[in-house]
Amino acid sequence: MLVTPGVESLAVVIEEMRTWAYDPDLAALHVGDLGWNHQFGAQALAAALRVWQVDDRLAAVGLLDEPELLRLTVAPGFRHDEDFVRDLVADLDADDGRVLPAGEVALEARFGGPLHDLLLGQGWEYDEPWTPLVRDLSEEVPEHHLRVEDVDPDRLDDRLAVHQSAFDRSTFTAERWRALTQGPAYSRARSLVGYDEQDDAVAMVTVWAGRPGGPGELEPMGVARDHRGRGHGRAICLAAAAALQEMGCSHAFVSTASSNVGAVATYRAAGYEEKPQVRDLRRSAPRST
Ligand SMILES: CC(C)(COP(=O)(O)OP(=O)(O)OC[C@H]1O[C@@H](n2cnc3c(N)ncnc32)[C@H](O)[C@@H]1OP(=O)(O)O)[C@@H](O)C(=O)NCCC(=O)NCCS
């Protein structure tokens with residue numbers, strides 16, 4: 001059953017999601033994604049969440065990451081539950097706006113079970129490919145050349161400057177930073193900024209650990225525009241892996257649009273293994289009824 005989560009249930013949803021078995025090779029919706037979206041405030045995050053429960057148990061969580069994109073994950077025990085998945089598909093494919101708006105929409109659903117086939121059977125199609133990349137943390141992470149510091153209020157300006165330089169259309173601000181760090185997922189996260197030999201802030205990353213011993217996510221990662229092509233991307237991805245290893249994670253993972261060849265090359269250079277591509281689903285045809 002689809003329920004409307006309030007601000008007070010954010011921590012409960014995140015704690016419950018942390019307990020779900022997580023396959024980094026698929027890079028499905030992770031607590032880190034909820035954590036990153038907490039930058040818009042608890043109210044906005046709650047409004048962007050779609051939550052399904054069965055007998056008071058959390059069965060599925062969707063995050064409306066863009067107005068027409070829902071990123072969905074389902075509790076392992078419900079992925080192959082035909083009845084539950086059929087009801088879920090009915091909610092996803094409805095155009096009453098409770099889950100997704102009417103018309104053209106995209107869905108990220110990186111898990112097994114009948115969901116894809118049911119949606120494909122209703123006219124949905126596969127969309128652009130994404131590439132998950134995974135670094136096993138069971139062995140020591142190599143050294144690199146950057147001096148890496150945790151972002152604290154004194155280093156916030158450096159972090160923001162690198163972030164804004166790395167992402168053209170960034171809307172990340174100090175206020176968003178503070179909101180992000182107040183979210184429940186940030187209790188197991190770290191933000192890093194990397195400095196080069198001239199002491200310039202050149203690279204940044206935030207890492208999110210899931211459950212203890214589980215995989216941790218990089219979101220976001222970037223290098224300042226004027227400092228690219230000098231190995232700083234590789235270095236900050238190694239620093240991210242080392243930070244997640246310190247936090248007890250089994251793997252560091254990330255996913256990027258396969259078209260972002262620079263990012264894929266950078267993660268690979270840092271020892272992240274490229275995994276088979278995963279695809280979102282898209283409903284493109286306007287509804288005829
Ligand atoms: C992707 C990004 C982090 C790369 O940073 P960088 O400091 O230039 O990367 P590095 O110098 O460490 O390069 C690492 C490797 O990737 C390769 N690479 C980097 N950018 C590349 C590009 N645009 N096209 C092809 N290869 C590229 C380098 O040649 C190098 O390969 P090598 O080790 O085989 O020589 C940077 O371009 C960036 O911040 N982009 C915008 C933000 C972004 O896309 N983040 C990832 C989102 S998931």
Side-chain angles (χ1 to χ4, degrees), residues 1-38 42-102 105-124 183-185 187-188 208-215 217 278-283 287:
M1 187 184 70
L2 183 63
V3 295
T4 307
V7 167
E8 70 294 342
S9 50
L10 286 178
V12 179
V13 168
I14 284 169
E15 281 318 306
E16 178 66 22
M17 274 178 71
R18 279 196 209 280
T19 66
W20 296 354
Y22 189 93
D23 181 357
D25 292 7
L26 297 174
L29 184 72
H30 185 262
V31 289
D33 301 304
L34 272 54
W36 177 240
N37 273 271
H38 202 276
Q43 213 104 41
L45 176 58
L49 285 187
R50 308 288 183 263
V51 168
W52 286 262
Q53 285 181 347
V54 174
D55 300 333
D56 287 339
R57 284 166 65 203
L58 188 65
V61 178
L63 171 68
L64 202 65
D65 211 7
E66 293 168 26
E68 280 105 32
L69 166 66
L70 188 77
R71 303 179 61 193
L72 179 72
T73 186
V74 171
F78 287 101
R79 289 175 193 167
H80 294 270
D81 179 328
E82 292 265 350
D83 291 339
F84 174 74
V85 176
R86 273 185 201 286
D87 289 350
L88 182 61
V89 163
D91 287 340
L92 293 168
D93 204 28
D95 50 13
D96 56 11
R98 286 194 310 152
V99 176
L100 277 161
V105 291
L107 175 72
E108 179 198 289
R110 300 173 181 169
F111 49 84
L115 184 119
H116 282 214
D117 284 345
L118 288 171
L119 286 171
L120 292 169
Q122 291 186 203
W124 290 56
S187 62
R188 285 180 46 77
W208 305 86
R211 68 189 160 87
E217 181 181 30
V278 286
R279 284 181 186 267
D280 291 352
L281 289 144
R282 173 168 292 278
R283 182 181 69 198
R287 328 276 11 233

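In this text the structure is predicted, and so the values were computed from the model without any measurement. Basis for what follows: all heavy atoms, side chains included, without hydrogens, waters or symmetry-related copies.
In terms of heavy atoms, H30 sits closest to W208 at CE1-O, 3.5 Å. The two residues V31 and G210 have their closest heavy-atom pair at CG2-CA, 4.0 Å. Between V61 and L29, the shortest heavy-atom distance links the atoms O-CD2, 3.7 Å. Closest non-hydrogen pair, F111 versus T73, comes out as CE2-CA, 4.0 Å. For L10 against A42, the heavy-atom pair with the smallest separation is CD1-O, 3.6 Å. The two residues R110 and L26 come nearest to each other via the heavy atoms CD-O, 2.9 Å.
Here E68 contributes atom CD and R282 contributes atom CZ; the two are 8.5 Å apart, rounded to the nearest 0.5 Å. Here L34 contributes atom CG and I14 contributes atom CD1; the two are 5.0 Å apart, rounded to the nearest 0.5 Å. Of the inter-residue distances, the one linking L2 atom CG with R50 atom CZ reads 8.0 Å to the nearest 0.5 angstrom. How far CG of L63 is from CG of L72: 10.5 Å, rounded to the nearest 0.5 Å.
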Can you list the steps and then say if Q43 with V7 is a side chain to side chain contact (heavy atoms under 4.5 Å, CB included)? CA-CA 6 Å; Q43 213 104 41; V7 167; 3.9 Å; yes
Full working for side chain to side chain contact (heavy atoms under 4.5 Å, CB included) between D93 and W124: CA-CA 9 Å; D93 204 28; W124 290 56; 2.8 Å; yes
L49 vs L64, side chain to side chain contact (heavy atoms under 4.5 Å, CB included): CA-CA, chis, key distance, verdict: CA-CA 6 Å; L49 285 187; L64 202 65; over 6 Å; no
Derivation of the side chain to side chain contact (heavy atoms under 4.5 Å, CB included) call for L92 and L107: CA-CA 9 Å; L92 293 168; L107 175 72; 3.9 Å; yes
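Proximity of a side-chain donor or acceptor of R71 to a complementary backbone N or O of E108 within less than 3.5 Å is not detected. Y22 contributes no side-chain N or O that, together with a main-chain N or O of R211, makes up a donor-acceptor pair within less than 3.5 Å.
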Could you list the donor-acceptor pairs under 3.5 angstrom formed by side chains in residues 81-88, with sequence neighbours left out?
| from | atom 1 | to | atom 2 | distance (Å) |
| --- | --- | --- | --- | --- |
| D81 | OD1 | D83 | N | 3.2 |
| D81 | OD1 | F84 | N | 3.0 |

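With sequence neighbours left out, H116 forms a ring pair (Phe, Tyr, Trp, His ring centres under 6.0 Å) with Y126. Qualifying side chain to side chain donor-acceptor pair (under 3.5 Å) partners for S9, counting only residues two or more places apart in sequence or in other chains: none.
Using a 4.5 Å cut-off on side-chain heavy atoms (C-beta onward), E217 and P24 make no contact. You'll find the side chain of W52 reaches within 4.5 Å of the side chain of V99, heavy atoms only.
Residues D96 and R98 are paired through a salt bridge, judged by an N-O separation under 4.0 Å between the basic side chain and the carboxylate. Salt bridge status for E16 with R18: absent, with no side-chain N to carboxylate O gap under 4.0 Å.
Residue L100 is tested with D95, L70, D91 for a side-chain contact (heavy atoms from CB on, under 4.5 Å); the sole match is L70.
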